[in-house]
Amino acid sequence: MNVIFIDSVTGDELLHMVSHDVAGILAAAQGESVTFPVGHFKYEFHNLDFYDDNGQIRQELVIYVNKI
């Protein structure tokens with residue numbers, strides 16, 4: 001599944017990845033902090049989004065974080 005980390009203040013995409021361990025990624029994101037090359041962030045909330053990709057329904061986990 002696609003997993004996307006978004007800065008909830010600026011709306012910038014911090015990371016786009018594909019993972020089969022979505023529960024593990026979400027649990028890790030909800031920990032103390034998440035570090036990206038642009039700084040340290042804290043989990044805020046997430047959405048499970050569904051979209052149409054050429055007639056196929058796809059899903060992606062969007063994780064919103066705040067810079068700390």
Side-chain angles (χ1 to χ4, degrees):
M1 175 187 300
N2 288 324
V3 179
I4 302 169
F5 285 85
I6 302 286
D7 183 327
S8 62
V9 174
T10 65
D12 292 340
E13 183 176 301
L14 302 170
L15 177 68
H16 182 188
M17 60 189 285
V18 176
S19 176
H20 295 288
D21 184 14
V22 178
I25 296 291
L26 185 56
Q30 292 173 335
E32 178 102 10
S33 68
V34 180
T35 303
F36 297 100
V38 295
H40 300 286
F41 292 79
K42 180 87 174 141
Y43 170 88
E44 187 164 319
F45 65 95
H46 66 276
N47 285 331
L48 183 59
D49 293 338
F50 294 88
Y51 61 95
D52 185 338
D53 182 19
N54 293 324
Q56 290 187 321
I57 300 299
R58 304 266 187 208
Q59 60 185 2
E60 63 187 11
L61 176 65
V62 182
I63 302 173
Y64 294 88
V65 293
N66 278 332
K67 193 164 191 171
I68 52 175

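Each residue takes its place number in the sequence, starting with 1.
- Annotation: the span from Phe41 atom CZ to Leu14 atom CG amounts to 4.5 Å, rounded to 0.5 Å.
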Taking only distance into account, with no hydrogens and no angle test, what donor-acceptor pairs under 3.5 Å do side-chain atoms of residues 4-12 form with protein atoms, sequence neighbours excluded?
residue	atom	partner	partner atom	Å
Asp7	OD1	Val9	N	2.9
Asp7	OD1	Thr10	N	3.4
Ser8	OG	Glu44	OE1	3.1
Ser8	OG	Val65	O	3.2
Ser8	OG	Asn66	OD1	2.4
Thr10	OG1	Asp12	N	3.2
Thr10	OG1	Asp12	OD2	3.2

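- Nearest approach of His46 to Leu61, heavy atoms of both residues: CD2-CD1, 3.8 Å.
- A search for side-chain contact (heavy atoms from CB on, under 4.5 Å) contacts involving Val18 returns Asn2, not counting sequence neighbours.
- Among pairs with a residue in residues 49-68, those fulfilling ring-ring contact (aromatic ring centres under 6.0 Å, His included) read Phe45-Tyr64, at least two apart in sequence or across chains.
- Heavy atoms only, all atoms of each residue included: Asp21 and Gly24 are closest at OD1-N, 3.0 Å.
- Sorted by first and then second residue, the pairs that involve residues 52-66 and meet salt bridge (Lys or Arg N to Asp or Glu O under 4.0 Å), not counting sequence neighbours, are Asp53-Arg58.
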Residues 28-35, side-chain donor-acceptor partners within the protein, below 3.5 Å, at least two apart:
residue	atom	partner	partner atom	Å
Gln30	NE2	Tyr43	OH	3.2
Thr35	OG1	His40	ND1	2.8

